[in-house]
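Here's the structure, in structure tokens; my notes come after.
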Amino acid sequence: MSSSSSSRICRSLLLVTGLLLFSLNSSFAQALGGLNPTRKSPAGPTLYAGIKIGANFSYLSGTDWSNGVRSNLLGGLFGGVRGAGFGVQGEALFEQSVYTTGDGFYNAFKSDYANAADSLKQGRFRVNKLVLPILLQFRVAHLVWIQPGVQFYGIVSVNDVNGVVNDAKKLFRSGSVAGVMGATVRLGNVDMGARLIFDVQDLSANSAISNNWKQYMIQAHIGLSLF
């Protein structure tokens with residue numbers, strides 16, 4: 001085969017490959033853009049990643065705890081892909097929750113107490129968690145996206161602040177799942193949003209506990225996309 005024939009074949013292959021890539025990208029962009037009736041011209045999917053911080057305002061149910069709204073901070077990374085009207089986002093966050101025992105806690109866990117005299121103390125447990133939200137995204141207005149999804153928890157450590165039980169980490173399920181419903185406003189590289197987060201699993205590691213430990217949270221957050 002001559003060098004000129006090889007050159008023509010290479011140019012043809014490059015042209016066909018380019019047309020195929022352009023066709024696939026256009027089809028995907030149209031599929032994403034079709035979900036957004038507010039935007040007339042489709043746009044290709046965009047990858048992004050950044051950092052975020054925020055605060056949770058949480059309530060833990062169950063008669064074993066001193067119920068009330070508690071606040072705690074969170075922070076971590078986020079990233080995903082989005083088109084004109086649809087996307088997917090994942091996050092890796094670190095958050096800390098503080099739980100305070102109620103009147104029924106000692107009766108339920110007296111065998112776990114290091115010292116019976118500590119039954120007069122009010123216990124406080126500082127629980128550090130790794131949180132992995134996975135969210136769908138739907139654009140509902142020019143700057144506004146809704147974000148339904150799920151959130152997976154993994155307990156990293158539990159600090160028994162007042163030292164009332166032998167092994168505080170055994171009190172809590174090592175991993176759990178929560179539902180998420182949120183909304184975010186995107187202003188350039190800045191995201192500002194709020195979420196409602198509700199546990200779908202009992203947080204207690206002891207199946208004999210008669211009441212459910214479930215956490216309900218309102219989260220406010222702000223994020224900065226780095227690319």
Side-chain angles (χ1 to χ4, degrees), residues 35 45-62 64-65 67-83 85-100 125-140 144-159 168-186 190-207 209 211-226:
L35 295 174
T46 302
L47 292 171
Y48 63 94
I51 57 175
K52 68 177 288 185
I53 59 172
N56 287 330
F57 302 90
S58 61
Y59 172 88
L60 180 64
S61 67
D64 301 322
W65 301 102
N67 307 117
V69 176
R70 314 281 180 180
S71 61
N72 61 278
L73 299 177
L74 62 95
L77 307 173
F78 68 90
V81 58
R82 60 174 173 258
F86 175 74
V88 179
Q89 179 168 302
E91 301 175 3
L93 308 174
F94 177 82
E95 71 176 37
Q96 186 179 89
S97 300
V98 177
Y99 305 133
T100 303
F125 302 98
R126 187 172 290 117
V127 183
N128 298 312
K129 306 172 189 175
L130 176 65
V131 186
L132 303 174
I134 300 176
L135 309 167
L136 299 176
Q137 305 183 92
F138 301 93
R139 190 173 190 171
V140 295
V144 182
W145 297 68
I146 59 171
Q147 295 180 315
V150 295
Q151 184 163 287
F152 300 95
Y153 290 99
I155 290 183
V156 177
S157 64
V158 180
N159 179 18
K169 196 170 183 179
K170 289 173 59 178
L171 298 174
F172 302 95
R173 187 190 294 268
S174 60
S176 60
V177 181
V180 180
M181 176 57 71
T184 190
V185 175
R186 295 205 167 98
V190 178
D191 288 16
M192 297 177 290
R195 294 174 187 168
L196 174 65
I197 303 168
F198 48 93
D199 285 339
V200 297
Q201 285 184 301
D202 194 342
L203 297 183
S204 173
N206 188 343
S207 59
I209 298 301
N211 61 94
N212 290 328
W213 299 358
K214 289 187 177 181
Q215 189 167 243
Y216 304 89
M217 291 187 289
I218 294 176
Q219 180 186 107
H221 56 87
I222 184 169
L224 175 65
S225 294
L226 302 179

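Scope of the values below: all heavy atoms of this structure, side chains included, with no hydrogens, waters or symmetry mates. The structure displayed is predicted, hence computed values, not measured ones.
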Open item on the list: So Ile222 and Val190, do their side chains get closer than 4.5 Å, heavy atoms only?
Closed with: yes

- [ ] Describe, in one word, how the ring planes of Phe86 and Phe138 are oriented to each other, choosing from parallel (under 30°), tilted (30 to 60°) and perpendicular (over 60°).
- [x] tilted

- [ ] Mind listing the closest non-hydrogen atom pair of Gln215 and Asp199 along with its distance?
- [x] N-OD2, 2.7 Å

Task: Test side chain to side chain contact (heavy atoms under 4.5 Å, CB included) applied to Trp213 and Tyr99, step by step - done: CA-CA 11 Å; Trp213 299 358; Tyr99 305 133; over 6 Å; no

- [ ] With sequence neighbours left out, write down each residue that passes ring-ring contact (aromatic ring centres under 6.0 Å, His included) with Tyr153, or none if nothing qualifies.
- [x] none

Open item on the list: Heavy-atom count check: over 12 atoms from other residues, nucleotides or ligands less than 6.0 Å from Leu130 CG?
Closed with: yes

Open item on the list: With side chain to side chain contact (heavy atoms under 4.5 Å, CB included) as the criterion, how do Asp191 and Trp145 come out once you've worked through the C-alpha distance, each side chain's angles and the decisive distance to 0.1 Å?
Closed with: CA-CA 10 Å; Asp191 288 16; Trp145 297 68; over 6 Å; no

Task: Within-4.5 Å side-chain heavy-atom neighbours: Phe78 and Ser225 - done: yes

Task: Backbone N/O of Asp202 and side chain of Arg173: donor-acceptor pair under 3.5 Å - done: yes

Open item on the list: Checking the side chain of Gln201 only, and the main-chain atoms of Val177 only, is there a donor and an acceptor separated by less than 3.5 Å?
Closed with: yes

TODO: Would you give the length of the straight line joining atom CZ of Arg186 to atom CE of Met192, rounded to the nearest 0.5 angstrom?
DONE: 11.5 Å

- [ ] Look up atom CG in Leu171 and atom OG in Ser204, then write down how far apart they are to the nearest 0.5 Å.
- [x] 7.5 Å

Open item on the list: Counting C-beta onward and ignoring hydrogens, is there a side-chain heavy-atom pair between Val98 and Asn72 closer than 4.5 Å?
Closed with: no

Open item on the list: Could you check whether any side-chain heavy atom of Leu226 comes within less than 4.5 Å of a side-chain heavy atom of Leu224, counting everything from C-beta outward?
Closed with: yes

Task: Ile218 CD1 to Leu196 CG distance, which is reported to the nearest 0.5 Å - done: 6.5 Å

TODO: Of all the heavy-atom pairs spanning Leu135 and Gly149, show the shortest one and how long it is.
DONE: CD2-CA, 4.0 Å

Open item on the list: So which atom in Ile197 and which in Ala178 form the shortest heavy-atom distance, rounded to 0.1 Å?
Closed with: CG2-CB, 3.8 Å

Open item on the list: Is any side-chain heavy atom of Leu60 closer than 4.5 Å to one of Leu203?
Closed with: yes

Task: Short side-chain to backbone donor-acceptor contact, Lys169 and Val127, under 3.5 Å - done: no

Open item on the list: Looking at every non-hydrogen atom in both residues, tell me the closest pair between Val88 and Tyr48 and how far apart they are.
Closed with: O-OH, 4.1 Å

TODO: Find the distance between CZ (Phe94) and CD1 (Ile53) and round it off to the nearest 0.5 Å.
DONE: 15.0 Å

- [ ] Looking only at non-hydrogen atoms, find the nearest pair between Met217 and Ser58 and report the distance.
- [x] CG-CB, 3.2 Å

Open item on the list: How long is the straight-line distance from CD1 of Ile134 back to CD of Gln89, given to the nearest 0.5 Å?
Closed with: 11.5 Å

Open item on the list: The test is side chain to side chain contact (heavy atoms under 4.5 Å, CB included); show your working for Arg70 and Ser97 and say whether it passes.
Closed with: CA-CA 8 Å; Arg70 314 281 180 180; Ser97 300; over 6 Å; no

Task: Closest heavy-atom pair and its distance - Gly179, Val200 - done: N-CG1, 4.2 Å

Open item on the list: Just to verify, what does Glu91 make a salt bridge (Lys or Arg N to Asp or Glu O under 4.0 Å) with, not counting sequence neighbours?
Closed with: Lys52, Arg195

Open item on the list: For Ser61, give me all partners under side-chain contact (heavy atoms from CB on, under 4.5 Å), at least two apart in sequence or on another chain.
Closed with: Tyr59, Lys214, Tyr216

Task: Interatomic distance, Asn212 atom CG to Asp64 atom CG [nearest 0.5 angstrom] - done: 10.5 Å

